[in-house]
Amino acid sequence: MTAELLITSLQISTPELILAVGALALLMIGVFSGDKSAPTVTGLAVAIMIAAGLWLVFSPMQGEAWGGAFVLDSFSRFMKVIALIGSITAMIMTVGNARSEQLDRFEFPVLLTLATLGMMLLISANDLIALYLGLELMSLALYVVAAINRDSLRSTEAGLKYFVLGALSSGMLLYGMSLVYGFTGNTGFDNIAAVLTAETRSLGVVFGLVFILAGLAFKISAVPFHMWTPDVYEGAPTPVTAFFAAGPKVAAMAIFVRIVTDAFMPVFADWQQVVVFISIASMLLGSFAAIGQKNIKRLMAYSSIGHMGYALVGLASGSETGVSGVALYMLIYMVMTLGTFACIMSMRRKEGAALESVDDLAGLSSTNPFMAVVLTALMFSLAGIPPLAGFFAKYFVFVAAIEAKLYALAIIGVLSSVVGAYYYLRIVKVMWFDAANGEFARTAGELRLVFGISGLFVTAYVLFGGPIGLAAEAAAKAFF
């Protein structure tokens, strides 16, 4: 690599370098200062992520770097900004609850920074090896974070389950990659696409593709690789669950989109069948399995499974409209989820006990009207009721499916949305019509800010959604 290419590669990957160097510096600060430095390290971690985000937004640099293994285009830029917003918000949300959740140690923000670095590398991966490195960097940090509360049996169990099942999915992913490399002789996405275009597809490539999609489906918690989600969502500390539900989902969906549209578009008919199947299975399971849930974190886990199914409806179309729909869906889903988890983290008795049951929200409209109104708006938005943001998210992916003549997929999506509305509306009913059985402690300022902004976003989206939609369309143009 010439000096000029090296400088260009460094400039293109500057946000990742900021996070990598920043994480190492934070680790040193924490090691030499001890746990009393946790608030300082958290503040610096947020500042580092903001700096990386500002560079992404204002830097004109884009193109391929590191021999084509890393790519920065309009799609990766859009998804990286979303992932960074999710990580920053999730980290800010932990500030007030850090001591009660036993997260007041410097390792926590360092691990979140490393996980975010993994997400950024994953979103820009343009090569199977780069994909695996980014995925594992993200996953290894998440395994530790899930089990970071060592005094909690549930947290330790959640981390162990996630680790064991994550190792299984990594094995499947690697096996699929080895098959694809064996039958195409390449690991770069562009080169794989060129080989598949020039030759008739072989059965080995299709098997490899299926294993790769299975490994990635695990990361977005799509059926039938969803089994870790409810247990990890319930067992991990709530601030950690909020982080899980935001950035990592965005990054995993971004690489899912990139690998099928960049590397495997010549075998569109093969991967479309897989995506349609896991989309339908995820929507149906997410809708029906959540009905009987009493724990609100488990309910949100099944909700996330369903929402990944809806996002995949857009991808199944294989069109520019579909990819822009997926990008927009992930942004709106992340905002709704972070707002909901901010409300869940506010469910705390005055003596400090955290509450997780749906019934604990009884009478919230009389004890905390502002939170009740915001959570109601978020539930309606998650259900896809117009004119809230969640409706537009679903509308664009269903339109893409209809344009691609996937009528059955769109109909199943709409029907499962109707079923899913039941458990969202049940939460609204509990808040507004059931008698209050106690009052929550005063909500932390950062949580009030997060769910306030989320509520404003979903209710006023119809007023400012145009530019966001245009940004998503520009992101999708990177592939077509």
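The basis for the numbers below is simple: all heavy atoms, side chains too, and nothing from hydrogens, waters or symmetry mates.
- The two atoms that bring S279 and L312 nearest to each other are CB-CB, 3.8 Å, heavy atoms only.
- To the nearest 0.5 Å, atom CE of residue M347 and atom CD1 of residue I344 are 7.0 Å apart.
- Here the CG atom belonging to L447 is positioned 11.5 Å from the CG atom belonging to L338, to the nearest 0.5 angstrom.
- Side chain of W271 to backbone of F264: a donor-acceptor contact under 3.5 angstrom is found.
- In this structure, M119 CE and L114 CG are separated by 10.5 Å, a value rounded to the nearest 0.5 Å.
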query = Given the rule in the side chain to side chain contact (heavy atoms under 4.5 Å, CB included) test, do S303 and Y423 qualify, once you have shown the distances and angles that lead to the verdict?
reply = CA-CA 9 Å; S303 166; Y423 56 82; 4.3 Å; yes
task = Output, in order, the C-alpha distance, side-chain angles, deciding distance and verdict of side chain to side chain contact (heavy atoms under 4.5 Å, CB included) for F218 and L168.
result = CA-CA 10 Å; F218 176 89; L168 175 67; over 6 Å; no
ask   = Q272 and L406: side chain to side chain contact (heavy atoms under 4.5 Å, CB included), yes or no, with the steps?
value = CA-CA 11 Å; Q272 185 189 39; L406 298 170; 3.8 Å; yes
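- Separation of atoms CG (L382) and OG (S304) is listed at 10.5 Å; rounding is to 0.5 Å.
- K219 NZ to L135 CG: the interatomic distance, rounded to the nearest 0.5 Å, is 5.0 Å.
- When ring centroids are compared, Y162 and F244 come within the 6.0 Å threshold.
- A 4.5 Å side-chain heavy-atom check between T337 and H307 finds every atom pair outside the cut-off.
- The distance from atom CZ of R348 to atom CG of D360, rounded to the nearest 0.5 Å, is 12.5 Å.
- T187 pairs in a side chain to side chain contact (heavy atoms under 4.5 Å, CB included) with only one of the listed residues (V180, D127, N126, I192), which is D127.
- Here the closest heavy-atom approach between residue V313 and residue A401 is recorded as CG1-CB, 3.6 Å.
- Contact annotation: the side chain of M120 approaches that of L56 to within less than 4.5 Å [non-hydrogen atoms, C-beta and beyond].
- Contact check for S170 versus Y132: side-chain heavy atoms found under the 4.5 Å cut-off.
- Using a 4.5 Å heavy-atom cutoff, the side chains of M308 and M253 are in contact.
- With R426 contributing its side chain and V358 its backbone, the two residues share no donor-acceptor pair below 3.5 Å.
- What you find for L84 and A52 is that their closest heavy atoms are CD1-C, 4.1 Å.
- Of all non-hydrogen atoms in S346 and M371, the two that sit nearest each other are CB-SD, 3.8 Å.
- Nearest approach of F256 to A217, heavy atoms of both residues: CE1-N, 4.0 Å.
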Worked check of side chain to side chain contact (heavy atoms under 4.5 Å, CB included) between D190 and E64 = CA-CA 11 Å; D190 299 337; E64 292 186 354; 3.1 Å; yes
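- At a threshold of 4.5 Å between non-hydrogen side-chain atoms, the residues F225 and L216 do not count as touching.
- S287 places no side-chain N or O within 3.5 Å of a backbone atom of L284 that could act as its donor or acceptor partner.
- With sequence neighbours excluded, no residue forms a salt bridge (charged side-chain N to carboxylate O under 4.0 Å, His left out) with E107.
- At a threshold of 4.5 Å between non-hydrogen side-chain atoms, the residues L133 and L121 do not count as touching.
- Other residues, nucleotides and ligands contribute more than 12 heavy atoms inside 6.0 Å of the CZ atom of F479.
- Looking only at side-chain heavy atoms (C-beta outward), T94 and F243 stay at 4.5 Å or farther from each other.
- A donor-acceptor pair under 3.5 Å links the side-chain atoms of N295 to the main chain of K297, judged by distance alone.
- Residues S416 and Y310 bring a donor and an acceptor atom of their side chains to less than 3.5 Å of each other.
- Using a distance-only test at 3.5 Å, with no hydrogens or angles considered, no donor-acceptor pair links the side chain of D359 to the main chain of S357.
- Counting all heavy atoms, side chain and backbone alike, M330 lies closest to A311 at SD-CB, 4.1 Å.
- Ring pair F211/Y175 is perpendicular by interplanar angle, where above 60° counts as perpendicular and below 30° as parallel.
- Under a cut-off of 6.0 angstrom, the local environment of OH in Y422 is sparse, with at most 12 non-hydrogen atoms contributed by other residues, nucleotides or ligands.
- At a cut-off of 3.5 Å, with distance as the only test, no side-chain donor of Y302 or H226 sits close to an acceptor on the other residue.
- Counting heavy atoms from C-beta outward, V205 and V195 have side chains that stay 4.5 Å or more apart.
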